[in-house]
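Heavy-atom basis, side chains included; hydrogens, waters and symmetry copies ignored. As the structure lists them, so they are numbered: ligands from 1, and atoms in each ligand from 1.
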Amino acid sequence: MHERRIIHIDMDYFFAQVETRDNPSLKGKPVIVGGKASGRGVVSTASYEARKYGVHSAMPMAQAHKLCPNGYYVTHRFEAYRAASKIIMSIFKSYTEIVEPLSLDEAYLDITHLVRPDLPASTIAQFIRRDIWEQTQLTASAGVSYNKFLAKLASGMNKPNGLTIIDYHNVHDILMGLDIGDFPGIGKATKQKMHDHEIFCGRDLYEQSEYNLVRLFGKRGHGLYNKARGIDHNLVKPTRIRKSVGTERTFATDMNDDEAILQKVWELSTKTAERLAKLQKSAKTVTVKIKTYKFETYSKQRSLREPVRSETDIYNIAYALFTELKEADVPIRLVGVTVGNLEKTTFENMTIYDYLN
Ligand code: TTP
Ligand code: MG
Ligand code: MG
(Lines give C-alpha, C1' and ligand atoms only; values in the text may rest on other atoms or scores of the structure.)
(Ligands and ions follow the chains in the order given, each with its own letter.)
Protein backbone atom coordinates (compact mmCIF):
# COMPACT_ATOMS: atom_id res chain seq x y z
CA MET A 1 0.00 0.00 0.00
CA HIS A 2 1.37 3.36 -0.87
CA GLU A 3 0.84 6.63 0.85
CA ARG A 4 -2.05 8.79 -0.30
CA ARG A 5 -1.66 12.49 -1.03
CA ILE A 6 -4.64 14.48 0.17
CA ILE A 7 -5.16 18.23 0.12
CA HIS A 8 -7.87 20.09 1.98
CA ILE A 9 -8.52 23.64 0.86
CA ASP A 10 -10.71 26.12 2.71
CA MET A 11 -11.27 29.76 1.82
CA ASP A 12 -10.46 32.29 4.53
CA TYR A 13 -13.41 34.13 6.18
CA PHE A 14 -15.11 33.37 2.91
CA PHE A 15 -18.28 35.52 2.74
CA ALA A 16 -16.55 38.39 4.54
CA GLN A 17 -13.52 38.15 2.27
CA VAL A 18 -15.70 38.35 -0.84
CA GLU A 19 -17.41 41.41 0.62
CA THR A 20 -14.07 43.01 1.40
CA ARG A 21 -12.74 42.28 -2.06
CA ASP A 22 -15.79 43.91 -3.62
CA ASN A 23 -15.69 46.89 -1.27
CA PRO A 24 -12.04 47.59 -0.44
CA SER A 25 -12.95 50.25 2.12
CA LEU A 26 -13.80 47.30 4.40
CA LYS A 27 -10.21 46.07 4.33
CA GLY A 28 -8.80 45.50 7.83
CA LYS A 29 -12.16 46.31 9.41
CA PRO A 30 -14.37 44.11 11.56
CA VAL A 31 -16.78 42.88 8.89
CA ILE A 32 -19.81 40.81 9.83
CA VAL A 33 -21.89 39.11 7.14
CA GLY A 34 -25.33 37.77 7.85
CA GLY A 35 -29.00 37.69 7.05
CA LYS A 36 -30.66 41.08 7.12
CA ALA A 37 -27.73 43.02 8.47
CA SER A 38 -29.81 44.62 11.17
CA GLY A 39 -32.46 43.04 13.32
CA ARG A 40 -32.91 39.30 13.61
CA GLY A 41 -31.01 36.58 11.82
CA VAL A 42 -27.65 35.02 12.50
CA VAL A 43 -24.06 35.74 11.58
CA SER A 44 -22.87 33.82 8.51
CA THR A 45 -19.26 34.68 9.14
CA ALA A 46 -17.03 37.47 10.38
CA SER A 47 -13.64 38.80 9.36
CA TYR A 48 -10.70 37.96 11.62
CA GLU A 49 -10.81 41.52 13.02
CA ALA A 50 -14.43 40.98 14.05
CA ARG A 51 -13.62 37.59 15.55
CA LYS A 52 -11.38 39.35 18.04
CA TYR A 53 -14.57 40.74 19.57
CA GLY A 54 -15.92 37.24 19.97
CA VAL A 55 -18.21 37.36 16.95
CA HIS A 56 -18.57 34.00 15.16
CA SER A 57 -20.72 32.07 12.69
CA ALA A 58 -24.27 31.17 13.77
CA MET A 59 -24.32 33.79 16.51
CA PRO A 60 -27.52 35.88 16.67
CA MET A 61 -27.02 39.22 14.93
CA ALA A 62 -28.24 41.08 18.00
CA GLN A 63 -25.49 39.52 20.07
CA ALA A 64 -22.89 40.44 17.45
CA HIS A 65 -24.07 44.04 17.59
CA LYS A 66 -23.57 44.03 21.34
CA LEU A 67 -20.08 42.55 21.13
CA CYS A 68 -18.99 44.66 18.18
CA PRO A 69 -21.07 47.83 17.94
CA ASN A 70 -18.64 49.47 15.54
CA GLY A 71 -18.53 46.54 13.15
CA TYR A 72 -19.40 46.79 9.49
CA TYR A 73 -22.54 44.77 8.97
CA VAL A 74 -23.18 43.47 5.49
CA THR A 75 -26.18 41.50 4.19
CA HIS A 76 -25.10 38.34 2.41
CA ARG A 77 -24.98 38.17 -1.38
CA PHE A 78 -25.11 34.51 -2.25
CA GLU A 79 -24.66 35.10 -5.99
CA ALA A 80 -21.22 36.49 -5.36
CA TYR A 81 -20.23 33.57 -3.10
CA ARG A 82 -21.56 31.02 -5.55
CA ALA A 83 -19.67 32.63 -8.40
CA ALA A 84 -16.41 32.46 -6.44
CA SER A 85 -17.20 28.92 -5.36
CA LYS A 86 -17.72 27.82 -8.94
CA ILE A 87 -14.33 29.16 -9.90
CA ILE A 88 -12.48 27.47 -7.07
CA MET A 89 -14.24 24.14 -7.67
CA SER A 90 -13.25 24.25 -11.33
CA ILE A 91 -9.66 25.02 -10.34
CA PHE A 92 -9.68 21.94 -8.10
CA LYS A 93 -11.04 19.83 -10.95
CA SER A 94 -8.30 21.05 -13.24
CA TYR A 95 -5.84 19.25 -10.94
CA THR A 96 -7.72 16.05 -10.18
CA GLU A 97 -11.04 14.38 -10.85
CA ILE A 98 -11.22 13.30 -7.23
CA VAL A 99 -12.68 16.38 -5.57
CA GLU A 100 -15.11 16.21 -2.68
CA PRO A 101 -16.67 19.58 -1.89
CA LEU A 102 -17.82 20.00 1.70
CA SER A 103 -19.45 23.38 1.31
CA LEU A 104 -19.18 26.40 -0.94
CA ASP A 105 -15.71 27.24 0.31
CA GLU A 106 -13.90 23.97 0.87
CA ALA A 107 -13.06 20.62 -0.61
CA TYR A 108 -10.85 17.58 -0.27
CA LEU A 109 -8.66 16.66 -3.22
CA ASP A 110 -6.94 13.35 -3.73
CA ILE A 111 -3.86 13.93 -5.85
CA THR A 112 -2.22 10.57 -5.26
CA HIS A 113 -2.53 9.58 -8.90
CA LEU A 114 -1.63 12.89 -10.42
CA VAL A 115 0.47 12.62 -13.56
CA ARG A 116 3.33 14.46 -11.88
CA PRO A 117 4.15 12.30 -8.87
CA ASP A 118 7.55 13.99 -8.74
CA LEU A 119 5.97 17.22 -7.51
CA PRO A 120 5.51 17.34 -3.75
CA ALA A 121 1.86 17.64 -2.74
CA SER A 122 2.68 20.93 -1.05
CA THR A 123 3.81 22.36 -4.39
CA ILE A 124 0.51 21.38 -5.94
CA ALA A 125 -1.30 23.01 -3.02
CA GLN A 126 0.66 26.20 -3.64
CA PHE A 127 -0.24 26.09 -7.34
CA ILE A 128 -3.89 25.78 -6.41
CA ARG A 129 -3.73 28.66 -3.94
CA ARG A 130 -1.98 30.75 -6.57
CA ASP A 131 -4.66 29.92 -9.17
CA ILE A 132 -7.40 30.82 -6.69
CA TRP A 133 -5.73 34.14 -5.99
CA GLU A 134 -5.22 34.94 -9.65
CA GLN A 135 -8.75 34.04 -10.66
CA THR A 136 -10.71 35.36 -7.69
CA GLN A 137 -8.42 37.72 -5.74
CA LEU A 138 -9.26 35.69 -2.65
CA THR A 139 -7.01 33.78 -0.30
CA ALA A 140 -7.42 30.19 0.79
CA SER A 141 -5.61 28.01 3.28
CA ALA A 142 -4.45 24.51 2.44
CA GLY A 143 -3.62 21.43 4.43
CA VAL A 144 -1.56 18.60 2.99
CA SER A 145 -1.33 15.15 4.46
CA TYR A 146 -1.81 11.44 3.87
CA ASN A 147 -5.47 11.28 4.88
CA LYS A 148 -8.59 13.45 5.06
CA PHE A 149 -8.65 13.96 8.80
CA LEU A 150 -5.07 15.25 8.92
CA ALA A 151 -5.40 17.34 5.75
CA LYS A 152 -8.41 19.15 7.19
CA LEU A 153 -6.76 19.59 10.52
CA ALA A 154 -3.73 21.04 8.73
CA SER A 155 -5.68 23.55 6.64
CA GLY A 156 -7.00 25.16 9.81
CA MET A 157 -3.62 25.48 11.48
CA ASN A 158 -2.25 28.51 9.68
CA LYS A 159 -5.26 30.51 8.68
CA PRO A 160 -5.51 32.88 6.92
CA ASN A 161 -3.52 32.38 3.72
CA GLY A 162 -1.51 29.48 5.11
CA LEU A 163 -0.17 26.16 3.98
CA THR A 164 0.44 23.39 6.50
CA ILE A 165 1.86 19.94 5.97
CA ILE A 166 1.29 17.09 8.36
CA ASP A 167 3.55 14.11 7.72
CA TYR A 168 5.03 11.27 9.70
CA HIS A 169 7.57 13.57 11.29
CA ASN A 170 5.22 16.04 12.94
CA VAL A 171 1.94 14.14 13.18
CA HIS A 172 2.48 12.76 16.65
CA ASP A 173 3.41 16.08 18.27
CA ILE A 174 0.51 17.87 16.60
CA LEU A 175 -2.04 15.30 17.70
CA MET A 176 -0.74 15.00 21.25
CA GLY A 177 -1.20 18.71 21.83
CA LEU A 178 -4.57 18.98 20.11
CA ASP A 179 -7.52 20.04 22.24
CA ILE A 180 -9.96 17.16 22.45
CA GLY A 181 -12.74 19.41 21.13
CA ASP A 182 -10.75 19.99 17.95
CA PHE A 183 -10.84 16.34 16.91
CA PRO A 184 -13.42 15.92 14.16
CA GLY A 185 -16.82 14.67 15.15
CA ILE A 186 -16.49 15.72 18.76
CA GLY A 187 -19.40 17.95 19.60
CA LYS A 188 -20.29 19.63 22.84
CA ALA A 189 -21.74 16.57 24.55
CA THR A 190 -18.86 14.26 23.64
CA LYS A 191 -16.37 16.89 24.68
CA GLN A 192 -18.03 17.11 28.07
CA LYS A 193 -18.00 13.36 28.43
CA MET A 194 -14.30 13.34 27.51
CA HIS A 195 -13.65 15.95 30.18
CA ASP A 196 -15.59 13.90 32.71
CA HIS A 197 -13.09 11.11 32.03
CA GLU A 198 -10.12 13.46 32.25
CA ILE A 199 -9.47 13.41 28.51
CA PHE A 200 -8.57 16.95 27.54
CA CYS A 201 -6.12 16.61 24.67
CA GLY A 202 -4.79 14.20 22.09
CA ARG A 203 -2.28 12.74 24.48
CA ASP A 204 -5.00 11.85 26.99
CA LEU A 205 -6.92 10.20 24.16
CA TYR A 206 -3.81 8.37 22.98
CA GLU A 207 -3.30 6.88 26.40
CA GLN A 208 -6.75 5.26 26.42
CA SER A 209 -7.01 1.64 25.40
CA GLU A 210 -9.24 0.86 22.45
CA TYR A 211 -11.26 -1.34 24.74
CA ASN A 212 -11.89 1.53 27.11
CA LEU A 213 -12.85 3.96 24.33
CA VAL A 214 -15.36 1.49 22.93
CA ARG A 215 -16.74 0.94 26.41
CA LEU A 216 -17.21 4.69 26.82
CA PHE A 217 -18.25 5.74 23.31
CA GLY A 218 -19.57 2.62 21.65
CA LYS A 219 -18.61 1.92 18.05
CA ARG A 220 -17.16 5.40 17.68
CA GLY A 221 -14.46 4.33 20.10
CA HIS A 222 -12.55 2.57 17.31
CA GLY A 223 -12.47 5.73 15.23
CA LEU A 224 -11.34 7.83 18.18
CA TYR A 225 -8.59 5.36 18.97
CA ASN A 226 -7.41 5.63 15.36
CA LYS A 227 -7.71 9.42 15.22
CA ALA A 228 -5.36 9.76 18.17
CA ARG A 229 -2.85 7.87 16.03
CA GLY A 230 -3.49 9.89 12.89
CA ILE A 231 -5.19 6.98 11.17
CA ASP A 232 -8.13 7.62 8.86
CA HIS A 233 -8.99 5.34 5.96
CA ASN A 234 -11.88 7.39 4.57
CA LEU A 235 -11.63 8.00 0.86
CA VAL A 236 -12.12 11.31 -0.89
CA LYS A 237 -15.51 10.75 -2.47
CA PRO A 238 -16.00 12.77 -5.63
CA THR A 239 -19.56 14.07 -5.83
CA ARG A 240 -21.50 12.22 -8.42
CA ILE A 241 -23.29 14.39 -10.85
CA ARG A 242 -26.84 13.21 -10.68
CA LYS A 243 -28.29 12.69 -14.12
CA SER A 244 -31.89 11.97 -13.24
CA VAL A 245 -34.36 11.67 -10.42
CA GLY A 246 -37.26 9.32 -10.52
CA THR A 247 -39.82 7.37 -8.61
CA GLU A 248 -41.89 4.39 -9.60
CA ARG A 249 -44.60 2.29 -8.13
CA THR A 250 -45.46 -1.37 -8.58
CA PHE A 251 -49.09 -2.12 -7.91
CA ALA A 252 -50.24 -4.92 -5.69
CA THR A 253 -52.51 -6.08 -8.50
CA ASP A 254 -52.37 -5.17 -12.20
CA MET A 255 -54.36 -2.01 -12.86
CA ASN A 256 -56.43 -0.92 -15.76
CA ASP A 257 -58.36 1.96 -14.26
CA ASP A 258 -56.84 5.11 -15.80
CA GLU A 259 -58.25 7.35 -13.10
CA ALA A 260 -56.59 5.32 -10.38
CA ILE A 261 -53.30 5.09 -12.28
CA LEU A 262 -53.28 8.83 -12.90
CA GLN A 263 -53.75 9.35 -9.19
CA LYS A 264 -50.50 7.40 -8.76
CA VAL A 265 -48.86 9.45 -11.49
CA TRP A 266 -49.80 12.55 -9.53
CA GLU A 267 -48.29 11.10 -6.35
CA LEU A 268 -45.11 10.13 -8.19
CA SER A 269 -44.89 13.61 -9.73
CA THR A 270 -45.19 15.13 -6.28
CA LYS A 271 -42.43 12.88 -4.93
CA THR A 272 -40.19 13.64 -7.86
CA ALA A 273 -40.73 17.38 -7.38
CA GLU A 274 -39.82 17.05 -3.72
CA ARG A 275 -36.61 15.25 -4.56
CA LEU A 276 -35.75 17.85 -7.18
CA ALA A 277 -36.32 20.59 -4.63
CA LYS A 278 -33.97 18.88 -2.23
CA LEU A 279 -31.29 18.80 -4.90
CA GLN A 280 -32.15 22.36 -5.91
CA LYS A 281 -32.41 21.26 -9.48
CA SER A 282 -34.83 21.74 -12.33
CA ALA A 283 -35.33 19.25 -15.14
CA LYS A 284 -35.44 19.54 -18.89
CA THR A 285 -36.79 16.10 -19.64
CA VAL A 286 -39.70 14.14 -18.23
CA THR A 287 -40.06 10.41 -18.81
CA VAL A 288 -42.95 8.11 -18.04
CA LYS A 289 -42.47 4.39 -17.91
CA ILE A 290 -45.00 1.64 -17.66
CA LYS A 291 -44.71 -2.09 -17.36
CA THR A 292 -47.61 -4.15 -18.64
CA TYR A 293 -49.13 -7.20 -17.04
CA LYS A 294 -46.95 -9.18 -19.50
CA PHE A 295 -43.82 -7.53 -18.09
CA GLU A 296 -43.20 -5.51 -21.24
CA THR A 297 -41.70 -2.12 -20.50
CA TYR A 298 -42.49 1.00 -22.47
CA SER A 299 -41.35 4.51 -21.91
CA LYS A 300 -41.81 7.89 -23.48
CA GLN A 301 -39.78 11.02 -22.95
CA ARG A 302 -40.34 14.67 -23.64
CA SER A 303 -37.62 17.30 -23.83
CA LEU A 304 -38.58 20.76 -22.70
CA ARG A 305 -37.37 24.15 -23.72
CA GLU A 306 -37.94 25.55 -20.24
CA PRO A 307 -36.90 23.47 -17.22
CA VAL A 308 -39.61 22.33 -14.83
CA ARG A 309 -39.55 21.63 -11.13
CA SER A 310 -43.07 21.96 -9.74
CA GLU A 311 -45.31 18.96 -9.19
CA THR A 312 -48.02 20.40 -11.43
CA ASP A 313 -45.63 21.02 -14.32
CA ILE A 314 -44.19 17.54 -13.99
CA TYR A 315 -47.64 16.02 -13.68
CA ASN A 316 -49.03 17.83 -16.72
CA ILE A 317 -46.29 16.43 -18.92
CA ALA A 318 -46.42 13.01 -17.30
CA TYR A 319 -50.17 12.97 -17.86
CA ALA A 320 -49.75 13.62 -21.56
CA LEU A 321 -47.02 11.00 -21.88
CA PHE A 322 -49.02 8.45 -19.95
CA THR A 323 -52.09 8.85 -22.14
CA GLU A 324 -49.88 8.39 -25.20
CA LEU A 325 -48.36 5.23 -23.76
CA LYS A 326 -51.26 3.47 -22.16
CA GLU A 327 -53.30 1.25 -24.40
CA ALA A 328 -56.86 0.60 -23.53
CA ASP A 329 -57.51 -2.73 -21.87
CA VAL A 330 -53.86 -3.49 -21.24
CA PRO A 331 -53.49 -3.67 -17.48
CA ILE A 332 -50.20 -2.44 -16.08
CA ARG A 333 -48.24 -3.48 -13.06
CA LEU A 334 -45.88 -0.54 -12.74
CA VAL A 335 -45.75 3.15 -13.51
CA GLY A 336 -42.77 5.48 -13.11
CA VAL A 337 -42.02 9.17 -13.51
CA THR A 338 -38.42 10.26 -14.05
CA VAL A 339 -37.01 13.70 -14.75
CA GLY A 340 -33.61 14.22 -16.29
CA ASN A 341 -31.20 16.67 -17.86
CA LEU A 342 -31.00 18.40 -14.52
CA GLU A 343 -29.73 21.88 -14.02
CA LYS A 344 -29.34 24.11 -11.01
CA THR A 345 -32.51 25.89 -10.09
CA THR A 346 -32.00 29.60 -10.58
CA PHE A 347 -30.73 31.49 -7.68
CA GLU A 348 -33.89 32.62 -5.92
CA ASN A 349 -34.46 29.48 -3.89
CA MET A 350 -30.99 28.19 -3.24
CA THR A 351 -29.10 27.81 -0.02
CA ILE A 352 -25.39 27.87 0.51
CA TYR A 353 -24.92 24.22 1.22
CA ASP A 354 -26.32 22.98 -2.06
CA TYR A 355 -22.99 21.35 -2.81
CA LEU A 356 -23.60 19.02 0.05
CA ASN A 357 -26.80 17.55 -1.26
P1 TTP B 1 -16.15 28.38 7.08
O2 TTP B 1 -15.12 27.87 6.13
O3 TTP B 1 -16.49 27.52 8.24
O4 TTP B 1 -15.69 29.78 7.69
P5 TTP B 1 -15.02 31.02 6.97
O6 TTP B 1 -14.56 30.69 5.59
O7 TTP B 1 -15.94 32.17 7.06
O8 TTP B 1 -13.78 31.32 7.89
P9 TTP B 1 -12.43 30.47 8.03
O10 TTP B 1 -11.35 31.39 7.60
O11 TTP B 1 -12.35 30.11 9.47
O12 TTP B 1 -12.56 29.27 7.14
O13 TTP B 1 -17.48 28.67 6.31
C14 TTP B 1 -17.50 29.13 4.97
C15 TTP B 1 -18.67 30.04 4.75
O16 TTP B 1 -19.88 29.36 5.00
C17 TTP B 1 -18.66 31.25 5.66
O18 TTP B 1 -17.89 32.31 5.12
C19 TTP B 1 -20.11 31.57 5.77
C20 TTP B 1 -20.82 30.26 5.59
N21 TTP B 1 -21.29 29.74 6.90
C22 TTP B 1 -22.56 30.08 7.32
O23 TTP B 1 -23.31 30.74 6.62
N24 TTP B 1 -22.97 29.63 8.56
C25 TTP B 1 -22.16 28.89 9.39
O26 TTP B 1 -22.58 28.53 10.50
C27 TTP B 1 -20.86 28.56 8.92
C28 TTP B 1 -19.93 27.77 9.81
C29 TTP B 1 -20.45 29.01 7.69
MG1 MG C 1 -13.52 28.96 5.23
MG1 MG D 1 -15.30 26.00 5.14
Quick one: which ligand 1 atoms are inside 4.0 Å of a heavy atom on [X]?
X	answer
Tyr13	5 (P), 6 (O), 7 (O), 8 (O), 9 (P), 10 (O)
Phe14	5 (P), 6 (O), 7 (O), 18 (O)
Tyr48	9 (P), 10 (O), 11 (O)
Arg51	5 (P), 7 (O), 8 (O), 9 (P), 10 (O), 11 (O)

With only distance considered, is [X] within less than 3.5 Å of ligand 1 through an N or O on each side?
X	result
Val43	no
Asp105	yes
Thr45	yes

TODO: Measure from NZ or CZ of Arg229 to the centre of the six-membered ring of Tyr225 and say whether it is under 6.0 Å with the direction within 45° of the ring axis.
DONE: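 Here Arg229 passes the 6.0 Å and 45° test against Tyr225.
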Task: Arg51 to Tyr48 six-membered ring, cation-pi geometry met (6.0 Å, 45°) - done: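 Geometry flag: set, cation within 6.0 Å and 45°.
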Donor-acceptor pair, [X] side chain versus [Y] backbone, under 3.5 Å?
X	Y	value
Asn212	Gln208	no
Thr45	Tyr13	no
Lys219	Gly223	no

TODO: Indicate yes or no: does Lys148 engage Glu100 in a salt bridge with an N to O separation below 4.0 Å.
DONE: yes
- [ ] Indicate if the distance from the Mg ion (ligand 2) to the nearest N, O or S atom of Asp10 falls below 2.8 Å.
- [x]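 Checking the Mg ion (ligand 2) against Asp10, an N, O or S atom does fall under 2.8 Å.
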TODO: Angle at the Mg ion (ligand 2): provide the value between O of Met11 and OD2 of Asp105, rounding to 10 degrees.
DONE: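 It rounds to 90°.
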Open item on the list: Are more than 12 heavy atoms, taken from residues, nucleotides or ligands other than Phe217, located less than 6.0 Å from that residue's CZ atom?
Closed with: yes
- [ ] Output the atom name for the N/O/S atom of Glu106 with the smallest distance to the Mg ion (ligand 3).
- [x]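 Checking each N, O and S atom of Glu106, the shortest distance to the Mg ion (ligand 3) belongs to OE2.
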Task: Location of contacts on Met11 toward ligand 1, heavy atoms closer than 4.0 Å - done: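 Met11 to ligand 1: backbone contact only, side chain stays beyond 4.0 Å.
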Task: Any donor-acceptor N or O pair under 3.5 Å, side chains Glu267, Gln263 - done: yes
